[in-house]
J.: 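Below you will find the structure I want to go over with you.
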2 protein chains.
Amino acid sequence: MSAGLDIARIAGLVGEPARAEILLALMAGHALTATELAQTANITKQTASAHLSRMLKAELLRVESQGRHRYFRLAGKDIAQLLEHLLGVAERTRSPAIRIGPRDAGMRKARICYDHLAGDLGVLMFDGLIAQGLLRIRDEVVEVTRAGQHHFGERGLDIDAMQGQRRSVCRRCLDWSVRRHHLAGSLGAALLTEVLRSNWARHSRGSRLITFTIQGESLFRQRYRS
Amino acid sequence: MSAGLDIARIAGLVGEPARAEILLALMAGHALTATELAQTANITKQTASAHLSRMLKAELLRVESQGRHRYFRLAGKDIAQLLEHLLGVAERTRSPAIRIGPRDAGMRKARICYDHLAGDLGVLMFDGLIAQGLLRIRDEVVEVTRAGQHHFGERGLDIDAMQGQRRSVCRRCLDWSVRRHHLAGSLGAALLTEVLRSNWARHSRGSRLITFTIQGESLFRQRYRS
DNA sequence: GAAATGGTTCGGCTAGCATCGAACCATGAG
DNA sequence: CTCATGGTTCGATGCTAGCCGAACCATTTC
């Protein structure tokens, strides 16, 4: 089979407004039910069901049954990354007349990307962590330094435990709004959780927007200053 | 306008077998004419023309008129990168029964990605350049070190001249077959040209495959040894 | 000039697919 | 057991878009 068909198989699946909307909604990281997804995509649940089963079959999504509910999520981080990439290209090729409204400005500043922080503040955090010597890039791979291991431990984040899991601790993820990288992986997820826990920011369900409080943002910037 | 429509606009364009085939053909880096593209996609030239104009309008492609010919190429490196990404996901989600034939093995080893070298040997080269201290990664950006500047200069590659151009000298590009990065940017392109010039490898037009001679591969591995 | 070749435009055909209404299965609550 | 609710399956419908034949425009060649 030719590679063209392969790539068209995937892209064609994403290239349908309703399905794209569904995928985008799942980038918020929460697992959602079929009816919830139907609502956000403005279609009936039958239609949603059809779309969902197709995407399941193609392994773009994973599902988890709980009682009479079925919770859908993205199949993996590569899918989320792919969507970010598509957003990047879409952004670049969009007619300049329609450019960025106020809501997009917020998204540029801070949003959730699957399960970690993206946008300006996400990049700022990543840069800060490296500048502070807690992370290091070596041969394309992001590593936690010894200092970092110690530091995160004091903040209650057990790097060793994370390393036990199959999922990688640190990974980079390309940011469509800034064209730079931010931190993904289980550490990235943990750091976002920490931000939300300490009420520096809120994540309104159903949106990818992360809204920092004034004080929260100030503290955040201070902590991750380069 | 919602982001879902945006991303569907792009993905839908790529998600059509004929168009995907066209885009893939253009990843070989050569600019191709409409009829050539029609042939590789197995469609008539009228159909190809329609596809091409749509992709032009969406800024996925650029075109250059020369006499009665029109030469098409990808609009930018981000498009090539996106296609690589899609290949990656397609690869992962493909039914294991159909996995890799002998031709794909060659593609994994060495292929062209728009205008630079990808595949195992591409990654090897990148790693080697860093290990030898000619390149460095700093804050997500790949830089040429002073030693590198000197070294490449002796090989006839003028880094200063490259820096004059708008295009970035070094960039990383995610490799679908290996899930690591290889070198892109004008330096990446120049290094590939060097390989082809010195007859270490050949690039058969119309394919993305790069075939090294036995001797060429040996010399290549030696030069870029980590 | 005429002939040849690259490319586009137009019109009509067809297939595929997204969509919804309605019926149906499964789980949980009372 | 009965009812409510989440989810899927089926069938019918309508629209879109890919496709090609034919005609047409543009450029080069002889």
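Naming convention: chains lettered A, B, ... in sequence-line order (proteins, then strands); numbering from 1 in each chain. The structure displayed is predicted, hence computed values, not measured ones. Heavy atoms only: backbone and side chains are in, while hydrogens, waters and symmetry mates are out.
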J.: Does Glu36(B) reach the main-chain N or O of Thr33(B) with its side chain, forming a donor-acceptor pair under 3.5 Å?
T.: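 Yes: the side chain of Glu36(B) pairs with the backbone of Thr33(B).
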J.: From Cys113(B) SG over to Ile210(B) CD1, what is the distance, rounded to the nearest 0.5 angstrom?
T.: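 Rounded to the nearest 0.5 Å, the SG-CD1 separation comes out at 11.0 Å.
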J.: Show the distances under 3.5 angstrom between N or O atoms of the protein and N or O atoms of nucleotides 24-30 of chain D.
T.:
unit_1: dT27(D); atom_1: O2; unit_2: Arg68(B); atom_2: NH1; d: 3.4

J.: Between N or O atoms, less than 3.5 Å apart, protein on one side and nucleotides 15-21 of chain D on the other: list the pairs.
T.:
unit_1: dG18(D); atom_1: OP1; unit_2: Arg19(B); atom_2: NH1; d: 3.3
unit_1: dG18(D); atom_1: OP1; unit_2: Arg19(B); atom_2: NH2; d: 3.0
unit_1: dG18(D); atom_1: OP1; unit_2: Arg54(B); atom_2: NH1; d: 3.4
unit_1: dG18(D); atom_1: OP2; unit_2: Arg54(B); atom_2: NH1; d: 2.9
unit_1: dC19(D); atom_1: OP2; unit_2: His51(B); atom_2: NE2; d: 2.6
unit_1: dC20(D); atom_1: OP2; unit_2: Thr44(B); atom_2: N; d: 3.3
unit_1: dC20(D); atom_1: OP2; unit_2: Thr44(B); atom_2: OG1; d: 3.2
unit_1: dC20(D); atom_1: OP2; unit_2: Thr47(B); atom_2: OG1; d: 2.9
unit_1: dG21(D); atom_1: N7; unit_2: Gln46(B); atom_2: NE2; d: 2.5

J.: Between side-chain atoms of residues 48-55 of chain B and protein atoms elsewhere (two or more places apart, or another chain), which donor-acceptor pairs fall under 3.5 Å?
T.:
unit_1: His51(B); atom_1: ND1; unit_2: Arg19(B); atom_2: NH1; d: 3.2
unit_1: Ser53(B); atom_1: OG; unit_2: Ser49(B); atom_2: O; d: 3.2
unit_1: Ser53(B); atom_1: OG; unit_2: Ala50(B); atom_2: O; d: 2.9

J.: Is the shortest side-chain N/O distance from Thr35(A) to OP1 or OP2 of dG7(D) below 4.0 Å?
T.: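 Checking dG7(D) against Thr35(A), a side-chain N or O does come within under 4.0 Å of OP1 or OP2.
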J.: Atom OG1 in Thr213(B), atom CH2 in Trp200(B): separation rounded to 0.5 Å?
T.: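 Output value for this atom pair is 9.5 Å.
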J.: So, the side chain of Arg208(B) versus the backbone of Ile112(B): is there a donor-acceptor pair under 3.5 Å, distance only?
T.: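 At least one qualifying donor-acceptor pair exists.
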J.: Rounded to the nearest 0.5 Å, what's the gap from CG on Asp120(B) to CZ on Arg108(B)? Could you check?
T.: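 Atom-to-atom, Asp120(B):CG and Arg108(B):CZ are 8.5 Å apart.
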J.: Give the rounded distance in Å between these two atoms: CG of Leu52(A) and P of dT19(C).
T.: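 Whole-Å distance recorded here is 12 Å.
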J.: CZ of Arg70(A) versus P of dC25(C): gap in Å, rounded?
T.: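 It works out to 17 Å between those atoms.
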J.: Leu13(A) has an atom CG; how far is it from atom C1' of dC17(C), in whole Å?
T.: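 Taking CG of Leu13(A) and C1' of dC17(C), I get 12 Å after rounding.
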J.: Using a 3.5 Å distance criterion without hydrogens, assess whether the side chain of Thr47(A) forms a donor-acceptor pair with backbone atoms of Ile43(A).
T.: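 Flag not set: sc Thr47(A) to bb Ile43(A) has no pair under 3.5 Å.
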J.: Assign Ser53(B) to base, sugar-phosphate, or nothing according to its heavy-atom contacts below 4.0 angstrom with the strands shown.
T.: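 No contact at all - Ser53(B) keeps every heavy atom at 4.0 Å or more from the nucleic acid.
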J.: Measure from OH on Tyr71(B) to C1' on dG6(C) and round the result to the nearest Å.
T.: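 Whole-Å distance recorded here is 10 Å.
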J.: Grab the CG-C1' distance between Leu56(A) and dG7(D) for me, whole Å please.
T.: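 Answer to the nearest Å: 13 Å.
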J.: Could you measure the distance from the CG atom of Leu157(A) to the OG1 atom of Thr193(A)? Nearest 0.5 Å is fine.
T.: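 Leu157(A) atom CG to Thr193(A) atom OG1 measures 8.5 Å (nearest 0.5 Å).
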J.: Specify the separation, in whole Å, of atom NE2 of His69(B) and atom P of dT8(C).
T.: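 Going from NE2 in His69(B) over to P in dT8(C) covers 12 Å.
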J.: Starting at CD of Glu64(A) and ending at C1' of dG6(D), how long is that distance when rounded to a whole Å?
T.: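 Whole-Å distance recorded here is 17 Å.
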J.: Should Leu23(B) and Phe72(B) count as side-chain neighbours, where that means a heavy-atom distance under 4.5 Å?
T.: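 They are not in contact (no side-chain heavy atoms under 4.5 Å apart), so the answer is no.
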J.: Send over the distance from Ile22(B) CD1 to dG7(C) P, rounded to a whole Å.
T.: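 So the two atoms are 12 Å apart, to the nearest Å.
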